[in-house]
Amino acid sequence: MTIHPDFIYHHRATANSANVSRVLIERVISRGEYNVETGEFDGGQTVPIYRGFARIQKVAFPTNRDFVEDAAKFQRMRVVISFEENEVEPKQFDIHVNDRIKVLANTADPAKVGKFYYVHGDESSSVAWNRVLTAQTNMKQSVG
């Protein structure tokens, strides 16, 4: 074998050092009732899956979804999280499609704090230094 079997673990600390934003990933159990006055959902239930540092990157330009009576723009994002640094339950998490990612802190772009993205896919590999998620937001309806 030319590469030591612990090679990926050796580089995880370096890869984690680029994760400077903070996110909360949660599974939505129920959205609750829509409040017309506030434009938000009241009384929803969620289960936290991951809380900790992340790297957030825009993947491409927004894509359009045009329907006869409705149109929406979807923005794809790459959200990179650590395998080791989960504050909810260290070293444990199981991310699913449609889990919700909330930006808790973003020093490079504070305007993104409070934004929501939804997991669209998990692109981790066999030599994964971090967990790499593909997420997206509907730019018309990006409420939590």
Study note, to complete from the structure: Shortest non-hydrogen pair, Ala54 vs Val79, comes out as CB-CG1, 4.3 Å
Review point. Do Asn86 side-chain atoms and Arg51 backbone N/O form a donor-acceptor pair below 3.5 Å?
Key: yes
**Study point:** Test side chain to side chain contact (heavy atoms under 4.5 Å, CB included) applied to Val113 and Leu104, step by step
**Key:** CA-CA 5 Å; Val113 173; Leu104 301 176; 6.0 Å; no
**Study point:** No-hydrogen, no-angle side-chain donor-acceptor test under 3.5 Å, Asp94 and His96
**Key:** yes
Practice item. Decide yes or no on side chain to side chain contact (heavy atoms under 4.5 Å, CB included) for Val88 and Ile49, but give the supporting numbers first. Key: CA-CA 7 Å; Val88 173; Ile49 306 297; over 6 Å; no
Review point. Is there a side-chain contact between Val28 and Asn98 (heavy atoms, below 4.5 Å)?
Key: no
Exercise for review: Taking all non-hydrogen atoms of both residues into account, name the closest pair between Lys112 and Val103 and its distance.
Suggested key: O-CB, 3.3 Å
Point to revise | Charged N-O contact under 4.0 Å between Glu87 and Arg22 | key: yes
Review point. Out of curiosity, Tyr34 OH to Asp42 CG, how far, rounded to the nearest 0.5 Å?
Key: 10.5 Å
Review point. Between the side chain of Tyr117 and the main-chain N/O of His120, is any donor-acceptor distance below 3.5 Å?
Key: no
Exercise for review: To the nearest 0.5 angstrom, please state how far the NZ atom of Lys115 sits from the OG1 atom of Thr137.
Suggested key: 8.0 Å
Practice item. Start with the C-alpha gap between Thr134 and Arg76, add the side-chain angles, then the distance that decides, and say whether side chain to side chain contact (heavy atoms under 4.5 Å, CB included) holds. Key: CA-CA 7 Å; Thr134 299; Arg76 287 282 172 95; 3.9 Å; yes
Review point. Can Ile29 and Thr46 be said to form a side chain to side chain contact (heavy atoms under 4.5 Å, CB included), step by step?
Key: CA-CA 5 Å; Ile29 305 301; Thr46 61; 5.8 Å; no
Revision key, fill the gap. Between Val59 and Met77, the two heavy atoms sitting closest are CG2-C, 3.5 Å
Study note, to complete from the structure: Separation between CD1 (Ile81) and CD1 (Ile56), nearest 0.5 Å, reads 11.0 Å
Check your understanding: Tyr118 ring centre to Arg100 NZ or CZ under 6.0 Å, with the angle to the axis within 45°?
Key -> no
Review point. Is the shortest heavy-atom distance from the side chain of Leu24 to the side chain of Pro48 under 4.5 Å?
Key: yes
